[in-house]
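Heads up, the thing below is written out as structure tokens.
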Amino acid sequence: QMCRDNKSVEKECEASLLSILKQEAGNDREHDLLTVDSSKGFVKRAAKRFKQVYRWHRFSQKEAAGTPWIDQQAHNAGFVVVRFNKYATSFGMILAALESHATPGAKMFVYGTHEEGISALPARLSASSNWSSISMHGTVVKATLRSSRKNPVVLKKTFRNKVDLCMVQVDGTEVVTEGRWIVYPGLFSGGGMDIMTAYMIKILLTNWWKKRDSGKSLDCLDFCCGSGVIARTVMNWSRGCVTMDALDADALAILAARKNLKGCRQLFLSDGWRSVQPDIRWDCILSNPPVHDLHGRDSFQVLHGLLKGA
């Protein structure tokens, strides 16, 4: 019931936006459209009114792999549609990317819900000199890009951060890796160690790692790896007796994990199990999967998918 309710919310948001786009874009298909984090179904319906449609979605959606940054070809889009999200740093990165790379004069339409905080967006855009003609239509915010940033934003230089990370050692002690852990905006718990992952790691150490057959090598997968906290911890414990793979749907998580997980055999950018070869087997699958969707609503879809595919 929960998943159906969430889908209904999305359909209502998308229907409101499509009605506005019908008035704004007309039927002559003379403009290009860039969509950011919109569903595949919405893109398909919106495409009927545009010459070319480009997608930027950091999270993989079914067979469509996520991408960490805007495609160069999308920079000339005259219309931009963005699915709002409540996470300030993540959404701020999207705005900065658009301000840097979208065409001046492009019309932006951001859609979401009042529960997510979209009603506060007009004030946020008004505080920037890059947006004009800002207005709100129900749960859709419309704005026009006045001018691009003079110095284009570069993903890795602007948004890649190095943070401290407290790692649990094989003897149970904790060591802080000072300023060496790579993270990006929007990663779970900021890409660091949250309280439940820390608890899970201590349970793994006591109830799994110390009781395993120490003479046996293991193939392991960190499912929903994020920046790679669980995978890195177990790799540090193993001293070479574990072959680790890692998987996440978030293209930016995989970008961070690629730096943090030196020695990892394979990184899968995948919506659940969709991009994993069906004949691959692991001795152990480790995971602290999200139980909320991208908009903060309760959702056990990822957990159900993990259990079904495992």
Side-chain angles (χ1 to χ4, degrees), residues 58-60 66 68 89-90 155-156 159-214 216-270 272-273 275-276 280-291 302-303 306 310:
R58 62 183 283 180
F59 288 87
S60 300
T89 56
S90 176
L155 173 63
K156 292 182 180 179
F159 293 106
R160 185 173 70 181
N161 292 314
K162 296 181 179 180
V163 300
D164 298 347
L165 186 70
C166 185
M167 303 289 287
V168 178
Q169 306 300 297
V170 73
D171 62 1
T173 61
E174 298 179 351
V175 175
V176 176
T177 60
E178 296 183 357
R180 298 200 303 270
W181 193 254
I182 302 296
V183 299
Y184 286 95
L187 297 186
F188 175 66
S189 191
M193 181 77 75
D194 69 289
I195 187 171
M196 291 310 298
T197 300
Y199 177 75
M200 175 184 172
I201 286 173
K202 291 178 180 178
I203 295 298
L204 285 175
L205 179 61
T206 303
N207 294 358
W208 171 58
W209 187 256
K210 290 186 175 181
K211 295 180 179 180
R212 81 196 193 288
D213 180 356
S214 59
K216 181 182 177 182
S217 296
L218 296 173
D219 284 348
C220 295
L221 171 70
D222 184 353
F223 187 96
C224 299
C225 64
S227 63
V229 173
I230 296 173
R232 180 75 271 163
T233 299
V234 174
M235 290 169 73
N236 289 348
W237 293 347
S238 74
R239 299 184 181 275
C241 69
V242 165
T243 299
M244 183 66 69
D245 296 323
L247 176 152
D248 206 282
D250 183 357
L252 283 176
I254 293 297
L255 204 61
R258 198 175 301 281
K259 290 291 185 181
N260 295 329
L261 299 179
K262 299 296 184 183
C264 182
R265 177 174 60 183
Q266 189 166 359
L267 289 164
F268 296 93
L269 175 58
S270 179
W273 297 104
S275 300
V276 179
I280 296 181
R281 296 291 182 271
W282 290 275
D283 301 306
C284 185
I285 298 172
L286 310 169
S287 184
N288 182 17
V291 291
V302 176
L303 176 59
L306 165 61

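Predicted, not measured: the structure shown is a model, and the values here were computed from it.
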### Query
Would Lys162 and Lys259 satisfy side chain to side chain contact (heavy atoms under 4.5 Å, CB included), going step by step from the backbone distance to the final call?
CA-CA 11 Å; Lys162 296 181 179 180; Lys259 290 291 185 181; over 6 Å; no

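- For the pair Ser90/Arg58, a side-chain contact is recorded, criterion being any heavy-atom separation below 4.5 Å from C-beta on.
- Here the side chains of Trp208 and Cys284 are in contact, with some heavy-atom distance below 4.5 Å.
- Looking at heavy atoms from C-beta onward, Asp219 lies out of side-chain contact with Ile280 at the 4.5 angstrom threshold.
- Checked against Pro68 for a side chain to side chain contact (heavy atoms under 4.5 Å, CB included), the options Leu255, Ile254, Asp250 give a single hit: Leu255.
- Note: Trp273 and Phe223 have tilted aromatic rings, judged against thresholds of 30 and 60 degrees for the angle between ring planes.
- Contact annotation: the side chain of Leu306 approaches that of Ile285 to within less than 4.5 Å [non-hydrogen atoms, C-beta and beyond].
- For the pair Ile201/Val229, a side-chain contact is recorded, criterion being any heavy-atom separation below 4.5 Å from C-beta on.
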### Task
Please test Tyr184 against Lys156 for side chain to side chain contact (heavy atoms under 4.5 Å, CB included), starting from the C-alpha separation and ending with a verdict.
CA-CA 9 Å; Tyr184 286 95; Lys156 292 182 180 179; 3.7 Å; yes

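- Within the 4.5 Å cutoff, side-chain heavy atoms of Met200 are placed close to those of Ile230.
- Proximity of Trp209 to Thr233: side-chain heavy atoms (C-beta onward) are nowhere separated by under 4.5 Å.
- Dense packing is recorded around CD1 of Ile203, with more than 12 heavy atoms of other residues, nucleotides or ligands lying under 6.0 Å away.
- Between Pro185 and Phe159 there is a side-chain heavy-atom pair separated by less than 4.5 Å.
- Atom NZ of Lys210 is surrounded by more than 12 heavy atoms from other residues, nucleotides or ligands within 6.0 Å.
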